[in-house]
Undergrad: 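Have a look at the structure that comes next, please.
All residue numbers in this chain count up from 1 along the given sequence. Keep in mind that the numbers below use all heavy atoms, side chains included, and drop hydrogens, waters and symmetry copies.
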Amino acid sequence: MKINAILPDKGRDLRLDLFRGVANWAIYLDHIPDNVVNWVTTRNYGFSDAADLFVFISGYTASFVYARMMLDRGFIVGATRLTKRVWQLYVAHIILFVIYIASITYLALRFGDSELINEFNVAGLVANATDTIQQGLLLKFKPVNLDVLPLYIVLMGLFPPVLWFMLRQPNLTMVISIGLWLVSRQMGWNFTAYPAGTWYFNPLAWQVLFVFGAWCAMGGARKSGAIINSKYTLWFCIAYLLFALVMTMAARFPDFGALLPNWLYSHFKHNDKTFLAPYRFVHFVVIVILVVRFVPKEWPGLEWKVFDPLVVCGQQSLAVFCVGVFLSFVAHFLLALSSGSLLVQVLVSIAGISIMTLVAYYISWSKRQDKPLPKNPAPKAPAATAA
């Protein structure tokens, strides 16, 4: 079958690193309840949030990295490299899972806070530890805030055949992905969770963002240049962002929401995240269009030093994400122990982001040390002098 995708140019796209760093910082802040600092994140001003950005960039990056490998070295090699990445993600999740539940259990016992166990959904460990841990290894049992990484593992694990088909029929792959998302919403399809319920991030719905990222990387964004740069598209994007802002503020402030017509407000106040509400997906597409239009790959601002911490955090995304999830629990616990004052909220927010950034810089430095030093060229022999 003929290759119809347009592979992205070789070389690192700093936009991916920058926005992945933004997503990691925002996920950390959003996981801390009753924290005024998380008002700086996008979830307060529109339908989509950092989770949408994380999944989209993951799909874009996966196709960016593995598509050329699949073409140059065959499907089997590309699929095995993707499987290797899935294994790395799984190991990271299990390590984080063990540390997370051990920390919650220890602190709950140490300070006599039984509500902490219930709040973070680890009560099953007390009643039935063996089955609960087993289901955790199968990704069915997930404590609070440990939902994104299992979603990423499933999407990456199923991606090899999707990427193979995307390279040959990118538009049809995107249409099938949208169809699966809409059907899963209509039929209520989802993965089962333990001990009851379903996954908070339904993979059958959220795959559309992952595939959309791959589609953009495989030439979808480039082929849509005329639409992206149209003035009518720009006006639609601005109008939709304003509409999303109003609806989101109405959900945040019920008194303001009461001023809006109920037939309109009732459709948006819950912002269905599990099945990825259509208006949420459209909101994120609008953001992508504006970024592609106004932040090109060659934008000089990507080299500004002020963005370096975000870029480095994006380059070491997996480690930074895991550290951020754990630190969000620590920050939550510290706020619960203390007065929860504005000063404490600001301090735990800054401290957590600083630790995540230090971890990213350390890993970057450590990786550079693993590379062999450049060999010095051998000195030239002196030229013989004429007799």
Undergrad: Can Leu259 be reached from Met249 by stepping across I, L, V, M, F, W or Y side chains whose heavy atoms are under 4.5 Å apart?
TA: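 Same cluster.
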Undergrad: Is a side-chain donor-acceptor pair under 3.5 Å present for Gln207 with Ser177?
TA: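 Yes, a side-chain donor-acceptor pair sits under 3.5 Å.
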Undergrad: May I ask you to check whether Tyr152 and Phe54 place their ring centers less than 6.0 Å from one another?
TA: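 When the ring centroids of Tyr152 and Phe54 are compared, they turn out to be within the sub-6.0 Å range.
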Undergrad: Are the side chain of Tyr361 and the backbone of Met356 linked by a donor-acceptor contact shorter than 3.5 Å?
TA: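 Here the side-chain-to-backbone pair does not exist.
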Undergrad: Would the distance check show the side chain of Ser184 and the main-chain N or O of Trp181 forming a donor-acceptor pair, the cut-off being under 3.5 Å?
TA: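 It does hold such a pair.
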Undergrad: Decide, yes or no, whether a salt bridge links Asp17 with Arg20 under the criterion of side-chain N to carboxylate O below 4.0 Å.
TA: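 Here Asp17 pairs with Arg20 in a salt bridge, since their nearest N and O are under 4.0 Å apart.
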Undergrad: Parallel, tilted or perpendicular, judged at 30° and 60°: which one describes the rings of Tyr240 and Phe243?
TA: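 The arrangement is tilted - the two ring planes meet at 30° to 60°.
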Undergrad: Indicate yes or no for a side-chain donor-acceptor contact from Asp52 to the backbone of Ser48 under 3.5 Å, with no hydrogens or angles considered.
TA: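 Looks like no, no N/O pair under 3.5 Å.
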Undergrad: What is the ring orientation for Phe75 with Trp164, classed by angle as parallel under 30°, tilted 30 to 60°, or perpendicular over 60°?
TA: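 Perpendicular.
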Undergrad: State whether a side-chain donor-acceptor pair under 3.5 Å links Gln134 with Lys140.
TA: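 No, no side-chain donor-acceptor contact under 3.5 Å.
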Undergrad: Got a donor-acceptor contact below 3.5 angstrom from the Arg15 side chain to the Val295 backbone?
TA: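 Checked: pair present.
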Undergrad: If we check side chain to side chain contact (heavy atoms under 4.5 Å, CB included) with Phe284, which of these qualifies: Leu209, Ile289, Val55?
TA: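 Looking at Leu209, Ile289, Val55, the match for Phe284 under the side chain to side chain contact (heavy atoms under 4.5 Å, CB included) is Leu209.
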Undergrad: Would you say Val40 and Leu347 are hydrophobically clustered, going by side-chain heavy atoms of ILVMFWY under 4.5 Å?
TA: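 As far as the 4.5 Å side-chain criterion goes, Leu347 and Val40 are not connected within one cluster.
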Undergrad: Does Arg293 use its side chain to pair, donor to acceptor, with the backbone of Ser230 at less than 3.5 Å?
TA: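 Between the backbone of Ser230 and the side chain of Arg293 there is a qualifying donor-acceptor contact (under 3.5 Å).
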Undergrad: Apply salt bridge (Lys or Arg N to Asp or Glu O under 4.0 Å) to residues Lys297 and Asp9 and explain how you reach the verdict.
TA: CA-CA 10 Å; Lys297 183 179 178 180; Asp9 299 331; 5.1 Å; no
Undergrad: Compute whether any side-chain donor of one residue and acceptor of the other, for Trp215 and Asn171, lie under 3.5 angstrom apart.
TA: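 Yes.
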Undergrad: When the ring planes of Tyr362 and Trp365 are compared, do they come out parallel, tilted or perpendicular, using 30° and 60° as the limits?
TA: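 Tilted.
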Undergrad: Is the side chain of Gln345 donor-acceptor paired with the backbone N or O of Val36 at a distance under 3.5 Å, no angle test?
TA: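 It does hold such a pair.
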Undergrad: For residues Thr248 and Asn44, is any side-chain donor paired with an opposing acceptor at under 3.5 Å?
TA: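 Side chains of Thr248 and Asn44: no pair found under 3.5 Å.
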Undergrad: Under 3.5 Å, side chain of Tyr265 to main-chain N/O of Ala250, donor-acceptor pair present?
TA: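 Between the backbone of Ala250 and the side chain of Tyr265 there is a qualifying donor-acceptor contact (under 3.5 Å).
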Undergrad: Any idea how Phe212 and Phe56 line up, ring-wise: parallel (<30°), tilted (30 to 60°), or perpendicular (>60°)?
TA: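 Rings of Phe212 and Phe56: tilted, 30 to 60°.
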Undergrad: When the ring planes of Trp299 and Phe307 are compared, do they come out parallel, tilted or perpendicular, using 30° and 60° as the limits?
TA: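 Geometry flag for Phe307 against Trp299: tilted rings.
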Undergrad: Please check if the number of heavy atoms outside Tyr232 that lie under 6.0 Å from its OH is greater than 12.
TA: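 No, the 6.0 Å shell around OH holds no more than 12 heavy atoms from other groups.
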Undergrad: For Thr41 and Asp30, test the side chains for any donor-to-acceptor distance below 3.5 angstrom and give the result as yes or no.
TA: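 Yes, a side-chain donor-acceptor pair sits under 3.5 Å.
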